[in-house]
Amino acid sequence: MSVNADLYIEVKNFYARQMRVLDDLDIEQFTATFTEDGSVAHPHRGEKVEGREAMRAKMKSMLPMYEGLVTRHWFDHFLIEPAEGDVLRVTYYSLVTQTNTKDEVHFFSSSSVEDRMVRVDGELRIRERTIHRDNPKYGRVI
Amino acid sequence: MSVNADLYIEVKNFYARQMRVLDDLDIEQFTATFTEDGSVAHPHRGEKVEGREAMRAKMKSMLPMYEGLVTRHWFDHFLIEPAEGDVLRVTYYSLVTQTNTKDEVHFFSSSSVEDRMVRVDGELRIRERTIHRDNPKYGRVI
Amino acid sequence: MSVNADLYIEVKNFYARQMRVLDDLDIEQFTATFTEDGSVAHPHRGEKVEGREAMRAKMKSMLPMYEGLVTRHWFDHFLIEPAEGDVLRVTYYSLVTQTNTKDEVHFFSSSSVEDRMVRVDGELRIRERTIHRDNPKYGRVI
């Protein structure tokens, strides 16, 4: 895929929708934005979850961490680049905040993310997501 | 209105300008970005202010809260969707920070916003703004 | 230059790349995104650094402030406007965060920035950057 203005905006819309369902803790809709064999890796904790089924189980196990809070992901500095075959490589900054019942907003994390995206039946889907947590111990990645 | 790249960028420019005048506490220029009967609702406090005149009065009464601080609104995850008639429905995340005289930056609030936008004499204007404050007590809205 | 969707996205890509190399403390690559006589001014501390050579020296002297932290610049509310000759005037909000070895994220600063950008051999380069630190003492600038 070559990256013209229409594709740029389609990709931005993809993330706008994906973050709404993620921050709404809608595990079904969130995992549906990945390919069936899609994966999410957190290299800083040596973790890679592969396939929608495993993603659903992992997310369910983590729900208690997110209860009683409104979580929001804030993205910036997108680069959308054609990669091998019909893959799009999308990289961006990600800042996560959480708001509690007292209206207090706190930082949760700062990361950079690398996605590999493909089309399935015309729709953009993530095949591989790698989340690099910001921490000077790990070094900078993107 | 169908949403092509030019309209997408026109809408982003609208918000870039609207936030400059809001964060500059320029009540005249800010209310001019709404239609004459434009409204701003804060459902979490059961408030809806209707019409530029009422908006000006409300904002003047709130100015003391913003004095001695630089307020900044940070937006993300825009979705721009054609709605009934010539209305555009625009939804986005909104994070508000404030900086004091000691260069200290603090969070003020985290919200999601839903705008209904129309053209008046060719220019985009907000007819209805609904600000959903993030708080797990209220549930998630967009 | 007139600002169509392609140029808008080219400018956004420029900043996405420039921030990666800045936040990676890559002084060589960062200064290469400026013209040879490019400048960076911080009016709130009466400072203007002119020319890549002086920028490199200044940045090297400031590196200790950034060691042991991951710094991230978050931008918003871009306005890209044709200015005199072939210059583009680009203004935006800038929020800077830092993450330490304990995964703690802190605010570093909030600013508004004004860049004057030109093409050199087809590539966008900054000729003048002015960083207006947010502080109610200095008043609002953009």
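Within every chain, numbering begins at 1; the chains are lettered A, B, ... in the order of the sequence lines, protein sequences first and strands thereafter. The analysis underlying the following values was restricted to heavy atoms, covering all of them including side chains, and did not include hydrogens, waters or symmetry mates.
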### Query
Hey, mind stepping through B:Asp134 and A:Arg72 against side-chain contact (heavy atoms from CB on, under 4.5 Å) and telling me if it holds?
CA-CA 9 Å; B:Asp134 284 344; A:Arg72 295 274 181 198; 2.7 Å; yes
### Query
Under 4.5 Å, heavy atom to heavy atom, which residues of residues 8-18 of chain A contact chain B?
A:Ile9, A:Lys12, A:Asn13, A:Tyr15, A:Ala16, A:Arg17
### Message
I'd like to verify something: which residue of B:Ile80, B:Asn4, B:Leu79 has the highest number of heavy-atom pairs under 4.5 Å with chain A?
### Response
B:Leu79
### Summary
Closest non-hydrogen atoms of A:Ala5 and B:Ala5, given as atom of the first, atom of the second and distance, are CB-CB, 3.8 Å
### Message
Using only non-hydrogen atoms and a strict under-4.5 angstrom cutoff, which residues of residues 99-110 of chain B touch chain A?
### Response
B:Phe107, B:Ser109, B:Ser110
#### Entry: Residues, nucleotides or ligands: over 12 heavy atoms within 6.0 Å of B:Arg127 CZ
no
#### Entry: Under 3.5 Å side-chain donor-acceptor pair for B:Ser112 and A:Arg20
no
## Note on the structure
Minimal heavy-atom distance between B:Trp74 and A:Trp74, with the atoms involved, is O-CZ3, 3.8 Å
### Message
For B:Ser94, which atoms come within 4.5 Å of any heavy atom of chain A: side chain, backbone, both, or neither?
### Response
backbone
